[in-house]
Amino acid sequence: MEWQEHGVTLLPVGTLFVALRLPGALVHAAAASTKPADVDGVMKEALEGGPVICDQHRDRYYVLLPSSVPRTWREAVKDWQASDVAVIGRGAYLGVPRLDADRSRPGIDSYWAVPMDSPAVLCRALHVARLIAAGHESLTQSCQEDATDTPASVTGLHHEARQRQQRSADRPDPH
């Protein structure tokens, strides 16, 4: 009924699936585009068809993952918090658009950037991590290029990405 009235419904998160919230800037950097059709296509390919919700109003993407994603992988998300990446899990609710909502429907704030093929088919954590890494790398390169032109253009996201790279370079190889 909520889908019919509002085009979106709130579903509890954490039991059957979790959502990883990605900022639009990170996703656009990974896709090397801000055009919705291009971004959606890259997301579909990179996540091998795993479902993704786009919140156009807030410029965020919600990647749906199995709730059984290993805890060790969830710890990696802490490194991404500075760039507004967050796990939405147990105890939270996610606004889920109608199953037929796509970007071509006028007047919608939320749509399926990558439609859900089946409730049992969700994104794989490794593919999501690779997408995030690609976005961070692209943003970092952009930041480095901007820094040579205008040092004041460095944003918090770019700054944090560079700090993480420096910390990784300073750590000894455990192997």
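Excluded from the calculations below are hydrogen atoms, water molecules and symmetry mates; all remaining heavy atoms, backbone and side chain alike, are included.
Scored by the salt bridge (Lys or Arg N to Asp or Glu O under 4.0 Å) test, Arg60 finds no partners at all (sequence neighbours excluded). Listed by chain and residue number, Arg98, Arg105 satisfy the salt bridge (Lys or Arg N to Asp or Glu O under 4.0 Å) test with Asp100 (two or more places apart in sequence, or in another chain). Every residue meeting the side chain to side chain contact (heavy atoms under 4.5 Å, CB included) condition with Pro97, not counting sequence neighbours, appears here in chain and number order: Ile53, Ala101, Ser110, Trp112.
Using a 4.5 Å cut-off on side-chain heavy atoms (C-beta onward), Asp109 and Val8 make no contact. Using a 4.5 Å cut-off on side-chain heavy atoms (C-beta onward), Val63 and Leu47 make contact. Residues Met1 and Thr9 fail the side-chain proximity criterion, which asks for heavy atoms closer than 4.5 Å. Side-chain contact between Val52 and Met43: present, with at least one pair of heavy atoms (C-beta onward) separated by less than 4.5 Å. Counting heavy atoms from C-beta outward, Pro23 and Val85 have side chains that approach closer than 4.5 Å.
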Verify side-chain contact (heavy atoms from CB on, under 4.5 Å) between Asp55 and Tyr61, making sure each step is shown before the conclusion.
-> CA-CA 6 Å; Asp55 178 348; Tyr61 292 81; over 6 Å; no
Quick one: side chains of residues 118-128, donor-acceptor pairs under 3.5 Å with protein atoms, not counting sequence neighbours, listed by atom name and distance.
residue : atom : partner : partner atom : Å
Ser118  : OG   : Ala120  : N            : 3.4
Arg124  : NH1  : Glu48   : OE1          : 3.3

For residues 10-21, run the donor-acceptor check on the side chains, cut-off 3.5 Å, and write out each pair with its distance to 0.1 Å, sequence neighbours left out.
residue : atom : partner : partner atom : Å
Arg21   : NH2  : Asp84   : OD1          : 2.9

Let me have the donor-acceptor pairs involving side chains of residues 29-40, under 3.5 Å, with sequence neighbours excluded, atom names and distances please.
residue : atom : partner : partner atom : Å
Ser33   : OG   : Lys35   : N            : 3.0
Ser33   : OG   : Asp38   : OD2          : 3.0
Asp40   : OD1  : Tyr111  : OH           : 3.2
Asp40   : OD2  : Arg103  : NH1          : 2.6
Asp40   : OD2  : Tyr111  : OH           : 3.1

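Distance OH/Tyr62 to CG/Leu22: 9.5 Å, rounded to 0.5 Å.
No single ILVMFWY cluster, assembled from side-chain heavy atoms under 4.5 Å apart, contains both Leu64 and Val42.
Within a 6.0 Å radius of CD in Glu45, no more than 12 heavy atoms belonging to other residues, nucleotides or ligands are found.
A donor-acceptor contact shorter than 3.5 Å links the side chain of Thr140 to the backbone of His136.
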